[in-house]
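Accompanying notes for the structure given below.
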Amino acid sequence: MANTITYEELKALLANNKDLILIDVRSEDEVDRGRIPGSIHIPLQTVDAALSMEPDDFKAKYGVAKPATGSELVFYCQSGRRGEMATSRAQQQGHINARNYAGAYIAAAGPWCVGVELQALQPDLKKILFPGVGPCPEPDPEELSTFTDLFGSLQFLLTFQIHFPGHYSSKWQAHVKTFLQTFSLANAGIRIHLKFKLHEQKSQHEFRVFLKSKVTLAVPPPVILDVTCSAQAPWCNQKGPWCQGGHPVVGERFPLSIPPKAMDQGLFGELSAQIVTLLSPCVLVYSPSNILVPAPSGFFQTLPVALDYQQLGLDRIHCCSFNASHGDLVHEGGVVYNVEQENWDDPRQDSSHLPVQQSLLVCLFLQHSDPFTSDLTDILAGELLLERHLEDILSNNRQAVTSALQDELFNTMKDSKQRKKKQEKLQSAAEVILSSTISIVSCSSNMDFRKACLQHMKVRDTHELSASLRESLWRVTTWKFVPKVRCYSAQYAVKVSQQERAEERGKTCSKCAWSGSQTRSKLRRGPKPLNMVTYEELKALLANSKDLILIDVREKDEVDKGRIPKSIHIALGTVEAAFKMNPGDFQATYGIPKPALDAPELVFYCRSGKRSAEAISKVHKLGYVTARNYTGSYIEWSSREV
Amino acid sequence: MSTFEAQVFSEIDKLRVQLMNNVDFKAESQHSVGEISPDEILTRIEGVILGIVTSLSRDEVPILVLPNRSSWANVSFDSAVGLQMSSERSVTSVRSDCPSSASKFGQILKILSVIFRLVQSNSYATKRDIYYKNTQLFGSQRTVDSIIDDISCMLKIPRRSLHVLATSKGLISGDLCYLEEDGTRIDCHSNSAAVSVSPNIAGIRNIVSSAKFIMIVEKDATFQRLLDDDFCTKLSPCIIITGKGVPDVNSRLMVRKLWDTLHIPIFALVDADPHGIEIMCIYKYGSVAMSFEAHSLTVPSVMWLGLLPSDLQRLRVPEDSLIPLTKRDESKLNSLLKRPYLTSQPDWCKEMELMQRSKVKAEIQSLSSIAPDFLTNIYLPNKLRYGGWV
């Protein structure tokens, strides 16, 4: 049973099937802006009521005969999500042929699953997950955490089929890829594999983000933001020696008032917003499951006018693309502004110091909590309301949002401005260095010296020497001063207090506007230990360090299936005993000398990083303070090594 | 008259004989031989440039390594030379890729190129000229001065050989005649006006003097007072010289030059305070910042004539003209007592410990509270006559 319908199918049905009832479940003002011809309008909230009406009443109200339970029903909305909800409600009422016209191209995970039938998912899930474990509507977070710690993260396999291969095009494929790219950037914890199979042609892609760190917001209720840095930012095509890391700037939280119109519709509670800015090539992401939704257009279109760019050190900001014309592949759903520098002294002519194209990502996180709502469905409805009224809400709070944005942009640009200043200083110094060097070389009557200089730079005369020196001086000095260490350092990592676990997750829902587009978020669990080792660090240690002691704390059968080279197997249960042994016994049992208490490179790993963390806490108590955890553990290792 | 003169200078003559016996002429002649030819200077500068070009050709950041001129770690003490740079353990690197030092890197190279041209064309420029040629780049005269000293230290070439001159602040007067490099004849006999120390000491020739001693005066005011009181006539023949406070290199070079030519005793008349002692030490033993040139700057034969802390007690200088030591004075005194050269000067240590105990200091002018002409007519003649130096 397929409960979705594609554009082509819908077109065919509209043309041929007179019995088709197409129902628009959007709100009234949305419908006023345009609708699919032949559709009738039943807002989502009234779908249940409408479908349980007497046929006469229905006819009177909507102008068409009430559909029989077997007739073709197609629901649609803006993005397909409300359509999905309406479809399931209709199906509950017996309209077995109700289908949803999925506006989106691609299936996505989570409760907002569009175009994927949950029943159809089950067999696939069972293949991957352990037998007897199926998707449950709302797993207990604690249980889920324990489960994922033991068995690794959950995996979903989503398959979809293109009904008309004729429509397959490279442009289409690019769209899919772009969407997945954005999706992967927005979901730090999710790895996406995309496989295309078309007429024996196969192509495979993997979308994932490699570097992670977190920003913890101190304000209650605490929320962790996953900072994800794509190994190569998609829109940064100039690769240079500069910092690829992210420097997220977390702004103050400010309350937003809820406009009366939204309140009338049932949106109550407290609403606050928080701006996080990040200069790319790095990307900041909200976790765990985010679907990007178009931002309200009006507000963001007029936003640049309200900003004081003089103060930001920018010459002009203008909104160059808006909300995903389909040509804009990167920021689908977002708003893109361009910055025009008027005194741009056209450095592009000089190939040796191309300016770095930086993009600034502004994330607007909305947090909504209603103390009187505890039911999941109410929360979801609240989210929907929030999404629909976002434009109103933002316009209502224009002043607060704009001034907060201004402040945050100023803060973010401060570093950049400082960097610019330093760059200028460096440039003028480089000019002096060059002119003085050239002056000495050209004045010198010492032929050997001049020859040596020319030979070193592999040039023929002083004129070429000047150009070549300039080029290499640029190469070595530009961007060298960016403090790389600040990128992923501990200052953004993590101190999640115990309160967070006690947080009532169900009551809080947060929304995020990503570049102006919204995403949803939940709270993430658990503190991340600071004494950890990344894959890259471990690789380096394995290659270079003689002192590395790598300990595998998994069970024997797991180890037999594969292990990291040079590792020693000490199962979690025996770790404590092993590290209490006297050195002679340890050497005899494990074949290596017992590590010293301050062993420089003592690294533990398991499958997911959970058991190794436990092992570390055990050895810490025994005095091995330097022990570190390879948090990616064997899951990451096996996927990266293959 | 001749017997009076003999009496006055008997102690000084004794001191001179003593000093002459100690002088190691061999060592001195060795040092004077170490003159560096212009070609050698050019080659050294070219070496620096070649280093920069080489690192650039390897895509490495050019770095200039300068010996640290402000650290005692690089300095050792030799009683014959004074403070000399013995090692280059402590160095400063000037990187061209770091915004804080890139401009210094540029300034060093700029001055190197200026020096290169000066040496090549055998012309001279003062530090002031260099600064005014590009005030925007250097920002202040001090920057230029310190960079020139850095370059001189890096290349191991004295500043004068780099054809960079400094305007002298020192003054000299007394029984002295000499020829400047350009042939001008300078006579320092005039009683009323002092002659300013030549900016090009190396070019001085034909020094003629029958002076019995040289007296270094710390302060310009005291120097002028001595001139007004006709000190040079009263204790003729002698030479007095002042560096107006902390001496510049030219004044020190002048003292050294006079010592090398005349080999007559040199006395220091400084305030009885830690600062005065420090100034005297700079003449005698040199400074850390210029230790790399110690061989041509220090005069280890300098004697401390006054004002000795013991003089204050002996002469019963009125208490209201004594000044209590400040905290800074005391810490300065302590650091002076720890300097390596003081171990060879037990008498100096005694005087300084006396100051430490009495917790007072006094300026030379305080003697005028005894009598207005006490300094010129009583104090100095008696000190010189009876050998009251340490």
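Below, chain A is the first sequence line, B the second, and so on; all start at residue 1.
Of the two parts of A:S445, the backbone and the side chain both hold a non-hydrogen atom closer than 4.5 Å to a non-hydrogen atom of chain B. Using a 4.5 Å cut-off between heavy atoms, B:L137 touches chain A through its side chain atoms alone. Proximity to chain A is limited to the side chain of B:I45, based on heavy atoms less than 4.5 angstrom apart.
Considering only heavy atoms from C-beta on, A:S439 comes within 4.5 Å of B:R117 through its side chain. Taking the side chain as every heavy atom from C-beta outward, B:L56 and A:L473 approach each other to under 4.5 Å. In this structure, A:S444 and B:F116 have side chains that are in contact, with non-hydrogen atoms separated by less than 4.5 Å. Using a 4.5 Å cut-off on side-chain heavy atoms (C-beta onward), B:Q107 and A:V432 make no contact.
Once rounded to the nearest 0.5 Å, the distance linking CG of A:L469 with OG of B:S57 reads 9.0 Å. Expressed to the nearest 0.5 Å, how far OG1 of B:T43 lies from CZ of A:F449 amounts to 10.0 Å. Here B:L109 contributes atom CG and A:I433 contributes atom CD1; the two are 6.0 Å apart, rounded to the nearest 0.5 Å. A distance of 10.5 Å separates CG of B:L50 from CD of A:Q455, quoted to the nearest 0.5 Å. Here the CG atom belonging to A:L426 is positioned 9.0 Å from the OG atom belonging to B:S101, to the nearest 0.5 angstrom. A distance of 7.0 Å separates NE2 of A:H456 from CZ of B:R58, quoted to the nearest 0.5 Å.
At distances below 3.5 Å, at least one donor-acceptor pair connects side-chain atoms of B:Q120 with backbone N or O atoms of A:C443.
Counted within 6.0 Å of CZ on B:R205, heavy atoms from surrounding residues, nucleotides or ligands total more than 12; the atom is thus considered enclosed.
The shortest non-hydrogen separation linking A:A429 to B:A102 is CB-O, 3.4 Å.
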